[in-house]
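The structure appears right after this line, and notes come after that.
Everything quoted here is computed from the prediction, not taken from an experiment.
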Amino acid sequence: FLVLQEDLQSVANAVPVSFTSAPGERGTIKANSNFNVSEDVAALRKAIEGIGTTEKTLIDILTHRSSSQKQAISKAYEETTKRILVNDLKGDTRGNFEKLLVALARSPALNDSKWLIKAMKGAGTDINILIEILASRTNKQIKELSAAYAEKTKKTLIQNLKTEVSGDFGKAILLLAEGARDESTNVNADKAREDAKALYHAGEKRLGTDESKFIEILCKRSIPHLRQTILEYKNISGKTLQKSIEKEMSGKLEELLVAIVKCVMSTPAYFAEKLYKSMKGAGTDETTLTRVMVSRGEVDMLDIRAEFKKLYQRSLYKEISSDASGIYGDCLKMICGED
C-alpha cells in the first residue's frame, strides 16, 4: 500500500505537460530567432519557381519556423506573388510529401478542422480521428479549431457532429467538442475520491454500467483532478480505470473513454503509441504518421520521443528512418529531430 501511495503522489504531482505548456516549449519545431519574413518568401519563391523544386529549402523553412511565423510567411507570400503558398506547394510536390508540407504550412487550428471535415465526409465517419483530436486538445485548441471549422463549412462543428454521432458515444463527443472542460489546477483529494467511488459504483460494482456517469466525469473534470481520480480509483477497486472501462464497455465509447484516460495520464505517451502503431508491421499508415508529427511538432514532440524510447526501447528518429523513405522521410526526421 505504501508503494501505491508513493506511486499515486508521484503521478498526481507530475504536470500533464501537453495540457499546460505553451506552444514551442516542448516541441521540436520552434520559432526562428533570426526570422526575416521577406528573406523566407524570396527563398520559397526561388525553390518553387526555379527549374525543379528545391525540396531542401521547403523542408528547412517549414520545419524551422513557428506556426505564427509561417502564417506571416503565407500572408507575405500572397501579397508578393498574388498566389497562395499552400496551392503552390500542392502544385509543386506530390503524394505524402505534398500532404506533409501543406500541413506544415497551415495553422494548427486549420489542420485540425480540415482533418475533422475529412473524417466526416461521405458515407461513414472516421471515428479514430474524431477521438484523437477531441480527446487530446485543450479547450483553447478546440475553440480555435471550431472557429476554423465554422469559417470553412459555414456550419458549427457541433451542428455537423450531431448528424454524424449518436448514443452515449455521441453525447461524449459533443461534450468534448464544446471545449468546456474545467481548467482549474487545484485538486481536492476528497472530491477526486468521490468521483472515483462514483465511477466504481457506476461500473465494476453494479450489474450493467451507468455510462452517463463515466461520460460526465471524464469529459468535464479538469486534467489534474482526473489524474487524482484515476489514482484514487486504483486504490478503491484494485484495478486501473482503463482496465475497468475495457471490461465494462465496448465499441466506440470504450475507445473514446480509454483515449481520454490515456491523454489524462500522459498525452505524449498516447501519441507515442499512435506513432508506433502507424509504423508497426507491414506497410505504414502515412496519414496518421503525418497528422501526429505535424500536430505535435510544436507542442510536445520532445516528450513523445522520450515516451517512445521508454515504451518501445527504440529511438523514434531511427524508427522513422527505417520506415519512411525518400524526401517524405527526410521531412519527418527533420520534425522529429535526432534523439
Would you call C336 and R305 a side-chain contact if the rule is heavy atoms closer than 4.5 Å? yes
Going by salt bridge (Lys or Arg N to Asp or Glu O under 4.0 Å), name the residues that satisfy it together with E319, two or more places apart in sequence or in a different chain. R314
Working for side-chain hydrogen bond (donor to acceptor under 3.5 Å, both in side chains), residues Y77 and R83: CA-CA 7 Å; Y77 186 92; R83 297 193 311 267; 3.3 Å; yes
Could you walk me through whether T54 and I48 pass the side chain to side chain contact (heavy atoms under 4.5 Å, CB included) check? CA-CA 7 Å; T54 320; I48 290 168; over 6 Å; no
Checking K75 now: which residues fulfil salt bridge (Lys or Arg N to Asp or Glu O under 4.0 Å) with it, not counting sequence neighbours? E79
Shortest non-hydrogen contact from G179 toward N139: O-CG, 3.1 Å
Residues forming a side-chain contact (heavy atoms from CB on, under 4.5 Å) with S68, sequence neighbours excluded: S66
Any sub-3.5 Å donor-acceptor pair from R227's side-chain atoms to M265's backbone N or O? yes
For residues R181 and L176, determine if any side-chain heavy atom of one lies less than 4.5 Å from a side-chain heavy atom of the other. yes
The salt bridge (Lys or Arg N to Asp or Glu O under 4.0 Å) partners of R193 (sequence neighbours excluded) come to D190, E232
Would M279 and I320 satisfy side chain to side chain contact (heavy atoms under 4.5 Å, CB included), going step by step from the backbone distance to the final call? CA-CA 8 Å; M279 295 183 275; I320 290 169; 4.1 Å; yes
Does the side chain of K30 reach to within under 4.5 Å of the side chain of E298, using non-hydrogen atoms? no
Would you give the length of the straight line joining atom CG of L101 to atom CG of N96, rounded to the nearest 0.5 angstrom? 11.0 Å
Mind checking what makes side chain to side chain donor-acceptor pair (under 3.5 Å) contact with N32, not counting sequence neighbours? none
Following the transitive rule for hydrophobic clusters with a side-chain heavy-atom cut-off under 4.5 Å over Ile, Leu, Val, Met, Phe, Trp and Tyr, establish whether M120 and L174 coincide in one cluster. yes
Are V292 and L110 connected in the hydrophobic side-chain network, where two residues link if heavy atoms are under 4.5 Å apart? no
If hydrophobic clusters are built by linking Ile, Leu, Val, Met, Phe, Trp and Tyr wherever their side-chain heavy atoms come under 4.5 Å apart, do V187 and L231 end up in the same one? no
Inspect the surroundings of NZ in K90 and state if more than 12 heavy atoms from other residues, nucleotides or ligands are less than 6.0 Å away. yes
How many angstroms lie between CD1 in I173 and NZ in K162, if you round to the nearest 0.5 Å? 14.0 Å
Quick check: do V294 and I29 have side-chain heavy atoms less than 4.5 Å from each other? no
Would you say that K274 contacts E132 through its side chain, given a criterion of any heavy-atom pair below 4.5 Å between the two side chains? yes
Applying side-chain hydrogen bond (donor to acceptor under 3.5 Å, both in side chains), which residue pairs with at least one partner in residues 327-339 are found, sequence neighbours left out? T290-Y328, S315-D339
Evaluate the criterion side-chain hydrogen bond (donor to acceptor under 3.5 Å, both in side chains) for residue pair Q71 and S74; output intermediate values, then yes/no. CA-CA 5 Å; Q71 298 327 297; S74 293; 4.6 Å; no
Within one Ile-Leu-Val-Met-Phe-Trp-Tyr cluster: V102 and I117, side-chain cutoff 4.5 Å: yes
Could you pull out the closest heavy-atom pair between L157 and S146, with the gap in Å? CD2-OG, 3.9 Å
Separation of L104 CG from K70 NZ (nearest 0.5 Å): 5.0 Å
When you compare the side chain of I59 with that of I327, does any pair of heavy atoms fall below 4.5 Å? yes
With sequence neighbours excluded, tell me which residues meet side chain to side chain donor-acceptor pair (under 3.5 Å) with E194. none
Without swapping roles, check the side chain of Q141 against the backbone of T138 for a donor-acceptor pair under 3.5 Å. yes
Please check if any side-chain donor atom of Y233 sits under 3.5 Å from a side-chain acceptor atom of S244, or the reverse. yes
Ignoring hydrogens and angles, write down the donor-acceptor pairs under 3.5 Å from the side chains of residues 211-221, residues two or more places apart or on other chains.
unit_1 : atom_1 : unit_2 : atom_2 : d
S212   : OG     : D210   : OD1    : 2.6
R221   : NE     : D195   : OD2    : 2.6
R221   : NH2    : D195   : OD1    : 3.2

Can N36 and S38 be counted as having a side-chain donor-acceptor contact under 3.5 angstrom? yes
Got a second to check how far N128's CG is from K252's NZ, nearest 0.5 Å? 11.0 Å
Value for CG (L44) from CG (D88), rounded to nearest 0.5 Å, stands at 9.5 Å
Go through the structure and list residues passing ring pair (Phe, Tyr, Trp, His ring centres under 6.0 Å) with Y312, not counting sequence neighbours. Y276, F308
Excluding sequence neighbours, so at least two apart, what forms side chain to side chain donor-acceptor pair (under 3.5 Å) with E178? none
Carboxylate-amine/guanidinium contact E78 K82, below 4.0 Å: no
Provide the full list of side-chain hydrogen bond (donor to acceptor under 3.5 Å, both in side chains) pairs with a residue in residues 103-119, sequence neighbours left out, each pair given once. D112-R137
Count the heavy atoms of every other residue, nucleotide or ligand shown that sit under 6.0 Å from CD of Q159, and state whether that count exceeds 12. yes
Inspect the surroundings of NZ in K152 and state if more than 12 heavy atoms from other residues, nucleotides or ligands are less than 6.0 Å away. no
If you define the side chain from C-beta out and look only at heavy atoms, does anything of L241 sit under 4.5 Å from K234? no
Step by step, would you call K171 with V165 a side chain to side chain contact (heavy atoms under 4.5 Å, CB included)? CA-CA 8 Å; K171 279 181 207 154; V165 294; over 6 Å; no
To the nearest 0.5 Å, atom CG of L256 lies from atom CD1 of I131 at 5.0 Å
Do other residues, nucleotides or ligands put more than 12 heavy atoms under 6.0 Å from K262 NZ? yes
Same cluster for L302 and L311 if Ile/Leu/Val/Met/Phe/Trp/Tyr side chains link at under 4.5 Å? no
K243, NZ atom: more than 12 neighbouring heavy atoms under 6.0 Å: no
Can you list everything that forms a salt bridge (Lys or Arg N to Asp or Glu O under 4.0 Å) with E307? Sequence neighbours excluded, please. K310
Are N160 and Y149 packed together at the side-chain level, in the sense that at least one heavy-atom pair is separated by less than 4.5 angstrom? yes
